[in-house]
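Inspection log for the structure reproduced underneath, given as structure tokens.
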Amino acid sequence: MELIVTEKNNAARRIADILSEGGASTDSVAGVNVYKWGGRRCIGLSGHVVGVDFPPEYSDWRDVEPAELVHADVVKEPTQEDIVNALQRLAREADDVVIATDYDREGELIGKEAYELVRDVNEDVPVKRVRFSSITDNEVRSAFADPDDIDFDLAAAGEARQIIDLMWGAALTRFLSLSARQMGEDFISVGRVQSPTLKLIVDKEREIEAFEPDDYWELFADLTKDDTTFEAQYFYEDEDGNEAERVWDEGDAEAAFATLQSASEAIVQSVSRRTRSDDPPAPFNTTQFIRAAGSLGYSAGRAMSIAEDLYTAGYITYPRTDNTVYPDDLDERELLAAFENTVFGDDAESLLDHDDLTPTEGDEETTDHPPIHPTTDFPNRNDLSEDEWEVYELVVRRFFATLAEPAVWEHLRVVADADGESLKANGKRLVERGYHAVYPYFNTSENYVPDVDEGDALALADPRMEAKQTQPPRRYGQSRLIETMESMGIGTKSTRHNTIEKLYDRGYIEDNPPRPTTLAKAVVEAAEEYADLVVSEGMTSELEADMTAIAEGEKTLDEVTAESREILDRVFDELTASRGEIGDHLRNSLKADKTLGPCPECGDTLLVRRSRTGSYFVGCDGYPECRFTLPLPSTGEPLVLDETCEEHDLHEVKMLAGRNTFVHGCPLCAAEEADESEDRVIGACPECGEEHGGELAIKQLQSGSRLVGCTRYPDCDYSLPLPRRGDIEVTDEYCEEHDLPELLVFDGEDDDDPWELGCPICNYEEYQERQRQKGLEVLDGIGPKTAEKLEDAGIEDVGDLTEADADALAEEVSGVSADSVREWQAKAD
DNA sequence: GCAAGGTC
């Protein structure tokens, strides 16, 4: 039997399909899909199925000096037992093994890992390697007709990366975490890719903080030819002889303004026309896809998650690619034709009308995967969610755009003179829509300037002088960050978006676009001071050079890792000498992220703290001497804002809870407001009214939440939820069933149209019923395996989860991603 | 429990 091993299940199925000419059947070996025909079996791995780690004696952080990890053994252990088992079971009976993993460095390493698993159980079976740059009939067949050998040097280059990343990452992560005494889930994480990325964000923030705005002025006036009026801007020639619009001196601006005010006309000095070609964009690689989806409002992680789903369903090609040149074997005309009878039919036909269909090309041409493009499988719109459809349409239209004509713009520039001061107007008109006709995602707004002639006298009216200030640099948005990472060569197409997610999870960045926390600044500072290499892109470029040397046989894995160990030893000499200092610095920063301001009771500092049960509250740093506390809302993760409350000098708090994120404000104000607000009694308590005379009242709690609760609390804890926002009005209408008044909620915007909440008991019952139905519906869509995992974690109803719960859940339940939980929640909405 | 890289 011949055993073929691929990098992923999808590739296994498609290769089996090609080699068997559609005759392969699907088998399950140890729960893993295996494709079978004639004397052949084909199994797909799931990327790396083994991973590197230190031996177990190094696993206790407190027992091991982090510097010891530099010289610890690095061992490989299976991480996907089921696939390893299936592979080895098949390998025992194999007479021949063919490694058909992806054609890149990581693919060579994954292939070598498979080779070693095969060797463990079958010492003699010949193992060959095939390489093809796309899974097409021709390429696959010719690769299999002429197999090659595994490139062990190339695989060793990948192994060196694994070892060095683990060694540096683990040793430094443990060192910083131990120094700051930050263990458990809030450890302080450092790594070759994440730390330089974090430095990018921190450096930008430093620029913003150091930025001092300059005042300047800009002047405008309206010019009219015949009945057409257009806006013109004042400009002058600066010291370097360049055209400038910003006037840096107020006196100069006012002088020019006075001239414009006294002038009643401007004489046209010059008119120039130019046509400009606006070329269609290159095919999508991962980064450019993320950028385009970002402009539609998708986060990088969400865009990739949707793309992966579309890929798995067969509607688009593999979304993780650096390639921006379509491969030779892609028949663009045939692919376009597949859209003829779809909603994209008109656009496809307009392109098919062209005799010449030459696609655009980007700079990067790699061989592992094609640029992202749609397949000939057209989805049924009802099978896709709205987001999925929107992203799919983007991919289709981008493919169209790469085959479309350039657009043509006509620029018209008019310069006029008003008593010695210059005014200009730049008009632009889209004369040929070109690719914009099929790709409507770019701005094509025009600016109309009428046809004028040299010497024309234009009426000048309404001169304006606008005072402005220079703006600080913009923060990196997620997609710009990913583009910068790509240009620096850090991370890979498959990991860059995960790195950003990781920075959020680790408490290094918050909000979108991401802002660094105080902790992030402290970690970057500590690294810059004692281990600069960790936050420099130099670490990656040196590693790349070393990996190339290993792949080309100029260096060995052992030489490269030994060099790296020596450098890391020296880093640790310095770190260890300053351990106390580093720890203090990190601890102070961690505290600063949680600091609210002065304690009203003792003057010490109020901090956001976490109780043993995991809930957040505000407590005094002077505890246990000072026992002052304030509650915080029960939903979400607290984030201390820059804004402070004037009355108490305390920072405001925002509760991050995904879609339900809200600003709680100053916790002391919230508590005082609750103390001052009177409970409004609305009826008898259904639980204890008859027996003890308990009554239901609308209450405002110190934590900011409101509820309908029993006046005998805490003896009776009967309660019903109320919305956090809006004024509640008690009406004269009573619910017949519960004998309680109907409630109205005025939520600011429209006083004429309040939310009719009704009887609070009926409302709560309806709410529970809705949640139950959503939960069931959503669970239906989850699939049996995941549902089982959720049940194991004690969760029966996804609809009940808050988004903060969802994140925790994703962490707890292995194999469930935060993204997918969010998706279920979106469905539950 | 640490990294980064595959894949789901």
Side-chain angles (χ1 to χ4, degrees), chain A residues 6-12 32-33 44-54 56 58-64 66 68-70 72 74 79-80 82-83 101-102 104-114 155 157-178 182-197 304-313 318-320 368-369 485 490-499 501-503 506 534 539-540 543 547 564 568 783 785-786 789 810-811 814-817 819-820 823:
Chain A
T6 69
E7 188 153 322
K8 47 192 163 279
N9 176 52
N10 227 291
V32 178
N33 277 351
L45 305 175
S46 181
H48 292 287
V49 293
V50 295
V52 289
D53 205 350
F54 299 111
Y58 291 92
S59 54
D60 191 329
W61 292 31
R62 276 156 309 188
D63 284 356
V64 180
E68 285 180 50
L69 293 176
V70 180
V74 173
T79 50
Q80 308 251 36
D82 45 348
I83 297 178
T101 47
D102 284 359
D104 54 22
R105 183 175 60 221
E106 218 61 36
E108 206 68 24
L109 175 53
I110 291 165
K112 189 213 163 193
E113 288 161 358
E159 278 183 298
R161 179 202 58 71
Q162 286 186 317
I163 293 167
I164 290 170
D165 280 343
L166 174 66
M167 194 163 78
W168 281 77
L172 289 166
T173 295
R174 286 197 198 179
F175 178 86
L176 292 185
S177 305
L178 285 161
Q182 276 297 122
M183 318 285 279
E185 59 184 55
D186 291 326
F187 61 89
I188 296 175
S189 166
V190 174
R192 175 179 56 86
V193 171
Q194 58 165 295
S195 299
T197 306
M304 283 309 286
S305 155
I306 293 174
E308 276 154 24
D309 288 345
L310 292 171
Y311 160 69
T312 311
Y318 195 61
R320 293 186 276 262
D368 48 352
H369 300 285
M485 291 170 76
I490 60 174
T492 72
K493 66 213 175 204
S494 318
T495 57
R496 289 185 193 112
H497 60 276
N498 296 349
T499 300
E501 293 282 303
K502 193 184 283 178
L503 295 177
R506 298 286 150 85
V534 190
M539 181 89 188
T540 289
L543 184 62
M547 284 197 290
S564 189
L568 193 48
K785 270 194 179 173
T786 312
K789 283 183 190 160
E811 254 186 55
S814 74
V816 174
S817 76
D819 268 341
S820 53
E823 235 168 83

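Convention: sequence-line order gives letters A, B, ...; per-chain numbering from 1. Predicted model, so just to flag it, every value in this text is computed and none were measured.
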- [ ] Check every strand shown and say whether A:Met183 touches a base, only sugar-phosphate, or nothing at a heavy-atom separation below 4.0 Å.
- [x] base

Open item on the list: Applying a 4.0 Å non-hydrogen cut-off, can you work out what A:Asp102 is touching in the nucleic acid: base, sugar-phosphate, or nothing?
Closed with: sugar-phosphate

Task: Polar contact flag, side-chain donor to acceptor under 3.5 angstrom, A:Glu108-A:Thr101 - done: no

TODO: Using a heavy-atom cut-off of under 4.0 Å over every strand shown, decide if A:Gln80 touches base, sugar-phosphate, or nothing.
DONE: base

Task: Any A:Lys493 side-chain N or O less than 4.0 Å from OP1/OP2 of B:dG5 - done: no

Task: Carboxylate-amine/guanidinium contact A:Lys8 A:Asp102, below 4.0 Å - done: yes

Open item on the list: Mind checking if A:Gly184 touches a base, just sugar-phosphate, or nothing, with heavy atoms under 4.0 Å?
Closed with: base

- [ ] When you get a sec, tell me which of B:dA4, B:dC2, B:dT7 is the closest nucleotide to the side chain of A:Lys8?
- [x] B:dT7

TODO: Would you tell me if any nitrogen or oxygen in the side chain of A:Ser494 comes within less than 4.0 Å of OP1 or OP2 on B:dG6?
DONE: yes

Open item on the list: Using a heavy-atom cut-off of 4.0 Å across all strands, would you classify A:Val190 as base, sugar-phosphate, or nothing?
Closed with: sugar-phosphate

TODO: Using a 4.0 Å heavy-atom cut-off across all strands, classify A:Gln194 as base, sugar-phosphate, or nothing.
DONE: sugar-phosphate

TODO: Compare the minimum distances between each of B:dA3, B:dC2, B:dT7 and the side chain of A:Ser189, then state the nucleotide with the smallest one.
DONE: B:dA3

Open item on the list: Can you list everything that forms a side-chain contact (heavy atoms from CB on, under 4.5 Å) with A:Val534? Sequence neighbours excluded, please.
Closed with: A:Trp168, A:Leu172, A:Val190, A:Ser195, A:Ala531

TODO: Establish whether the base of B:dC2 is bridged to the side chain of A:Asp53 by a donor-acceptor pair shorter than 3.5 Å.
DONE: yes

TODO: Round to a whole Å and report the spacing from NE2 of A:His48 to P of B:dC8.
DONE: 13 Å

TODO: Please report, rounded to the nearest Å, how far the P atom of B:dA4 is from the CG atom of A:Asp104.
DONE: 19 Å

TODO: Look at the side chain of A:Ser46 against the base of B:dC8 and say whether a donor-acceptor pair falls under 3.5 Å; ignore hydrogens and angles.
DONE: yes

Open item on the list: Would you say A:Gln80 and A:His48 are linked by a side-chain donor-acceptor pair, where the criterion is simply a distance under 3.5 Å?
Closed with: no

Open item on the list: Once ring-ring contact (aromatic ring centres under 6.0 Å, His included) is applied, do any residues pair with A:His369, and if so which ones, sequence neighbours excluded?
Closed with: A:Tyr318

Open item on the list: What's A:Thr499 touching, base or sugar-phosphate or nothing? Going by heavy atoms closer than 4.0 Å.
Closed with: nothing

Open item on the list: Are B:dG1 and A:Phe187 stacked, with the base six-membered ring and the side-chain ring centres under 5.5 Å apart and planes under 30°?
Closed with: no

- [ ] Would you classify A:Arg174 as touching base, sugar-phosphate or nothing, given that sugar-phosphate means primed atoms plus P, OP1 and OP2, and contacts are heavy atoms under 4.0 Å?
- [x] base

Open item on the list: Determine whether a donor-acceptor pair (N or O, by modelled atom type, separation under 3.5 Å) exists between the side chain of A:Arg496 and the backbone of A:Gly491.
Closed with: yes

Open item on the list: Base, sugar-phosphate or nothing for A:Arg506? Non-hydrogen atoms, less than 4.0 Å.
Closed with: sugar-phosphate

- [ ] Would you classify A:Phe175 as touching base, sugar-phosphate or nothing, given that sugar-phosphate means primed atoms plus P, OP1 and OP2, and contacts are heavy atoms under 4.0 Å?
- [x] nothing

- [ ] On DNA chain B, check which nucleotide each of A:Ser195 and A:Asn498 is closest to and give me the residue with the more 5' one.
- [x] A:Ser195

TODO: May I ask you to evaluate whether A:Arg192 reaches the phosphate of B:dG5, defined as a side-chain N or O under 4.0 Å from OP1 or OP2?
DONE: yes

